[in-house]
A.B. asks: 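Structure incoming, see below.
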Amino acid sequence: MAANHPNTSNWQKMEKYESKIKVVKGSPEAIFSTVSDLSRIKDSLPAQEMVKDVESTAEECTFTIDKIGRVSISVMEKTPCSLVKYALKASMPLGVNLFVQIKNAPEPATESESRIKVTLTADIPMMLKPLVGNKLQDLVDKIADTMSRRQYY
């Protein structure tokens, strides 16, 4: 009986969703400057028609997503030019963190290029994982794709 209790480790499991490593035009410094400042996030949000009422400062961004409700993203940690960690909060009781890792492109790079990887970790109840797992992976992939299409100066 204890295995079905919500306080046991079987009830929720930390799930990890990772993008492929993407090539990005720009130096790690330029990318870090952009992704660590949430007041600049509006242009990077996927599916603009689904995202409404965006309000942002350098450290926090809130917006509304259809069928999910109000979402808040805040910067948890910054490691200059290499990592930005965000905490996501929504009306659903899921603990979600998002990480953007930034690295120099291997030499010889013909232009100012970097590599990024987007990772999302979430505490998801086991019964919800089949419903949200693919959507979270799609979200991570869309964020990485959106970031890779931009040029950072």
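For the numbers below, each heavy atom of this structure counts, side chains included, while hydrogens, waters and symmetry mates do not.
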A.B. asks: Any chance you could measure K85, atom NZ, to M76, atom CE, to the nearest 0.5 Å?
C.D. replies: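 CE of M76 is found 6.0 Å from NZ of K85.
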A.B. asks: What residues, two or more places apart in sequence or in another chain, satisfy salt bridge (Lys or Arg N to Asp or Glu O under 4.0 Å) together with D138?
C.D. replies: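 Here no residue qualifies.
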A.B. asks: So which heavy atom on A122 is nearest to which on V96, and how close?
C.D. replies: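 The answer is CB-CG2, 4.0 Å.
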A.B. asks: Rounded to the nearest 0.5 Å, what separation is found between the OG atom of S112 and the OH atom of Y152?
C.D. replies: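 OH of Y152 is found 12.5 Å from OG of S112.
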A.B. asks: List the residues meeting side chain to side chain contact (heavy atoms under 4.5 Å, CB included) with E29, not counting sequence neighbours, and say none if there are none.
C.D. replies: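 For E29 the side chain to side chain contact (heavy atoms under 4.5 Å, CB included) partners, ignoring immediate neighbours, are S27, C81.
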A.B. asks: Give a yes or no on whether a salt bridge exists between E60 and K89, defined as a side-chain N under 4.0 angstrom from a carboxylate O.
C.D. replies: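 Here E60 does not pair with K89 in a salt bridge, since their nearest N and O are not under 4.0 Å apart.
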A.B. asks: Using side chain to side chain donor-acceptor pair (under 3.5 Å) as the criterion, list what pairs up with D145, not counting sequence neighbours.
C.D. replies: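 Expected list: K22.
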A.B. asks: Looking only at non-hydrogen atoms, find the nearest pair between V75 and S36 and report the distance.
C.D. replies: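 Reported closest heavy-atom pair: CG2-O, 4.0 Å.
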A.B. asks: Compare all side-chain heavy atoms of F63 with those of I73 and state whether any distance is below 4.5 angstrom.
C.D. replies: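 Yes. Closest side-chain heavy atoms under 4.5 Å.
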A.B. asks: What pairs with A58 under side chain to side chain contact (heavy atoms under 4.5 Å, CB included), at least two apart in sequence or on another chain?
C.D. replies: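 For A58 the side chain to side chain contact (heavy atoms under 4.5 Å, CB included) partners, ignoring immediate neighbours, are D37.
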A.B. asks: Please give me the minimum heavy-atom distance between L38 and Y86, naming the atom from each residue.
C.D. replies: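 It is CD2-CE2, 3.6 Å.
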A.B. asks: Rounded to the nearest 0.5 Å, what separation is found between the CD1 atom of I143 and the OH atom of Y17?
C.D. replies: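 Here the rounded value is 13.5 Å.
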A.B. asks: Quick one: list whatever passes salt bridge (Lys or Arg N to Asp or Glu O under 4.0 Å) with K20, sequence neighbours left out.
C.D. replies: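 With neighbours one apart ignored, the set is empty.
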A.B. asks: If the condition is side chain to side chain donor-acceptor pair (under 3.5 Å), which residues does T64 pass it with, not counting sequence neighbours?
C.D. replies: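 Side chain to side chain donor-acceptor pair (under 3.5 Å) list for T64, sorted by chain: R70.
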A.B. asks: Looking at CG of D123 and CD of E15, how far apart are the two atoms once the value is rounded to the nearest 0.5 Å?
C.D. replies: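 That separation rounds to 9.5 Å.
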A.B. asks: Could you list who else is in V23's hydrophobic cluster, with ILVMFWY side chains joined at under 4.5 Å, directly or through other members?
C.D. replies: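 Under the 4.5 Å side-chain rule, V23 groups with nothing.
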A.B. asks: Step through the shown structure and confirm whether more than 12 heavy atoms of other residues, nucleotides or ligands are within 6.0 Å of NZ on K78.
C.D. replies: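 Atom NZ in K78 is crowded, with more than 12 foreign heavy atoms closer than 6.0 Å.
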A.B. asks: So do the side chains of V100 and M147 get within less than 4.5 Å of each other, counting heavy atoms only?
C.D. replies: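 In short, these two side chains touch, coming nearer than 4.5 Å.
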A.B. asks: Let me confirm one number: the CD1-CZ distance from I102 to R115, rounded to the nearest 0.5 Å.
C.D. replies: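 Here the rounded value is 13.5 Å.
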A.B. asks: Other than F99, what residues sit in its cluster of Ile, Leu, Val, Met, Phe, Trp and Tyr side chains whose heavy atoms are under 4.5 Å apart, directly or through others?
C.D. replies: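 In the cluster with F99 are L83.
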A.B. asks: List the residues meeting side chain to side chain donor-acceptor pair (under 3.5 Å) with T57, not counting sequence neighbours, and say none if there are none.
C.D. replies: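 None.
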A.B. asks: Can you give the donor-acceptor pairs under 3.5 Å from side chains of residues 127-137 to other protein atoms, not counting sequence neighbours?
C.D. replies:
from : atom 1 : to   : atom 2 : distance (Å)
Q137 : NE2    : E18  : O      : 3.0
Q137 : NE2    : D141 : OD1    : 3.1

A.B. asks: Distance check, rounded to the nearest 0.5 Å: K16 atom NZ versus L120 atom CG?
C.D. replies: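 It is 11.0 Å, given to the nearest 0.5 Å.
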A.B. asks: Would you say V54 and V35 are hydrophobically clustered, going by side-chain heavy atoms of ILVMFWY under 4.5 Å?
C.D. replies: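 As far as the 4.5 Å side-chain criterion goes, V35 and V54 are connected within one cluster.
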A.B. asks: Once side chain to side chain donor-acceptor pair (under 3.5 Å) is applied, do any residues pair with S33, and if so which ones, sequence neighbours excluded?
C.D. replies: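 For S33 the side chain to side chain donor-acceptor pair (under 3.5 Å) partners, ignoring immediate neighbours, are R40.
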A.B. asks: So which heavy atom on T34 is nearest to which on R150, and how close?
C.D. replies: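 Smallest interatomic distance, heavy atoms only, reads CG2-NH1, 3.9 Å.
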